[in-house]
Amino acid sequence: MIDKRKIEKINSITKYYSTIGLLTALAVITNYSLIWIPNIKIMDLIVFISGYLYGILAGIIVGILGWMVYGSLNPYGFIPQIWIATMLCETLYGIIGGFIKIRSNIFIEDSNKFGKSILLGFIGFLTTLIYDIFTNIAYAYSFNLPFLYVMIFGLPFTITHEISNFILFMISLFPLIKVIKKLGGEK
Amino acid sequence: MSFLKNKWAIATLVLTFSTIIASSMSIYYYYQYSELLKKIQGVTIHVNLGINDGKTTKWFNGTAVKSGSSLLDVTMLVANVNYTIYPGMGALVESINEVKNAHPYYWMWWMSTPYGWIEGPIAADRYIVGDGETLFWYYENSSISPLPTPP
């Protein structure tokens with residue numbers, strides 16, 4: 001006699017891991033497809049969504065795996081210290097996505113979408129700011145350069161990254177999560 | 001999420017975002033400017049300087065100076081200048097070629113612009129001259145308002 005509950009559990013685990021795999025693949029593919037625009041990436045948004053929909057651990061896994069692949073086969077070059085730093089920092093998006101799910105009802109209530117969109121954009125911006133500071137520390141350490149020098153001369157890239165994430169999180173996060181939820185894509 | 005109902009909360013988020021971005025950009029451009037200034041230090045530029053002592057005008061066209069030089073530096077290259085430094089304000093030119101300030105006559109400096117002569121906005125030692133610029137020292141009656149422009 002086949003245990004139905006056991007099958008359901010196996011199905012659920014399979015669905016969970018295959019979704020993580022799919023989201024990782026999506027994050028990597030979007031990064032490669034946007035390689036010609038430095039520092040404008042959809043990966044951060046995908047990692048955040050992974051964290052929100054499937055929990056902090058899933059967000060961390062997608063963030064690490066995404067950068068593990070993209071960072072090791074990176075046309076801009078491979079530097080181990082920066083690779084590790086970006087892998088770890090990318091998990092921030094997943095952690096914050098998961099944390100928002102636990103602590104807030106931002107995507108549950110359907111009111112004040114404008115305000116929520118601005119807040120999400122701001123969350124994306126702040127997370128990116130922290131991400132950029134940490135990756136710049138790693139860059140400064142790797143090339144033995146003063147941190148302030150790296151920060152200041154990298155500003156055009158970090159500002160692009162922060163503004164693009166502010167806009168991406170503000171415009172697409174709210175509708176994207178709503179759609180995925182409606183399609184049943186949530187743990 | 002009740003704080004989001006307050007429009008000031010949203011305005012604060014947007015303002016914080018724009019402030020951080022604007023401050024970052026100003027820091028970046030300040031450092032770029034400083035770096036550029038360092039790089040062009042020592043390049044020779046040419047300035048046209050006129051000096052009118054109230055009677056005659058002498059022109060020193062194409063005076064070669066190092067970039068980063070002030071109007072006072074250029075003037076000292078072509079004339080005998082006496083000046084006093086006032087902390088926080090800069091140098092007050094007391095005399096050029098032995099022609100001294102004597103109330104109400106003072107040495108005033110002017111710069112040529114596409115809109116005509118414009119009175120120097122800062123002290124001569126604080127004004128950094130540009131390549132091809134035309135500047136003028138005019139010994140004139142400062143009690144007349146508006147000040148007479150160079151002849």
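Reminder, nothing fancy here: chain letters follow the sequence lines and each chain counts from 1. Side chains included, hydrogens not; waters and symmetry mates left out as well; all remaining heavy atoms used.
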Pull out the residues in residues 154-167 of chain A that come under 4.5 Å of chain B, heavy atom to heavy atom, sorted by number.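 Under the 4.5 Å heavy-atom cut-off, Leu155(A), Pro156(A), Ile159(A), Glu162(A), Ile163(A), Phe166(A) qualify.
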Donor-acceptor contacts under 3.5 Å from residues 17-27 of chain B side chains, at least two apart:
unit_1   : atom_1 : unit_2   : atom_2 : d
Ser18(B) : OG     : Val14(B) : O      : 2.6
Ser18(B) : OG     : Leu15(B) : O      : 3.4
Thr19(B) : OG1    : Leu15(B) : O      : 2.5
Ser23(B) : OG     : Thr19(B) : O      : 2.5
Ser24(B) : OG     : Ile20(B) : O      : 2.6
Ser26(B) : OG     : Ala22(B) : O      : 3.3
Ser26(B) : OG     : Ser23(B) : O      : 2.8

If you count heavy-atom pairs under 4.5 Å with chain A, which of Tyr31(B), Tyr28(B), Tyr30(B) comes out on top?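 Counting heavy-atom pairs under 4.5 Å, the top option is Tyr28(B).
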Hey, which of Tyr131(A), Phe174(A), Phe169(A) is the one that makes ring-ring contact (aromatic ring centres under 6.0 Å, His included) with Phe48(A)?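 Result: among Tyr131(A), Phe174(A), Phe169(A), Phe169(A) is the only option passing the ring-ring contact (aromatic ring centres under 6.0 Å, His included) with Phe48(A).
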If we ignore angles and hydrogens, is there a donor and acceptor under 3.5 Å between the side chains of Glu90(A) and Trp67(A)?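 Yes, Trp67(A) and Glu90(A) have a side-chain donor paired with an acceptor closer than 3.5 Å.
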Who pairs with Trp109(B) by side chain to side chain donor-acceptor pair (under 3.5 Å), at least two apart in sequence or on another chain?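 Trp109(B) satisfies side chain to side chain donor-acceptor pair (under 3.5 Å) with no residue once adjacent residues are dropped.
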I'd like to check the side chain to side chain donor-acceptor pair (under 3.5 Å) partners of Thr91(A); sequence neighbours left out, ordered by chain and number.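 With neighbours one apart ignored, the set is empty.
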Please find the pair of heavy atoms, one from Ser70(B) and one from Val129(B), that lie closest to each other, and give the distance.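 Minimum heavy-atom contact is C-CG1, 4.1 Å.
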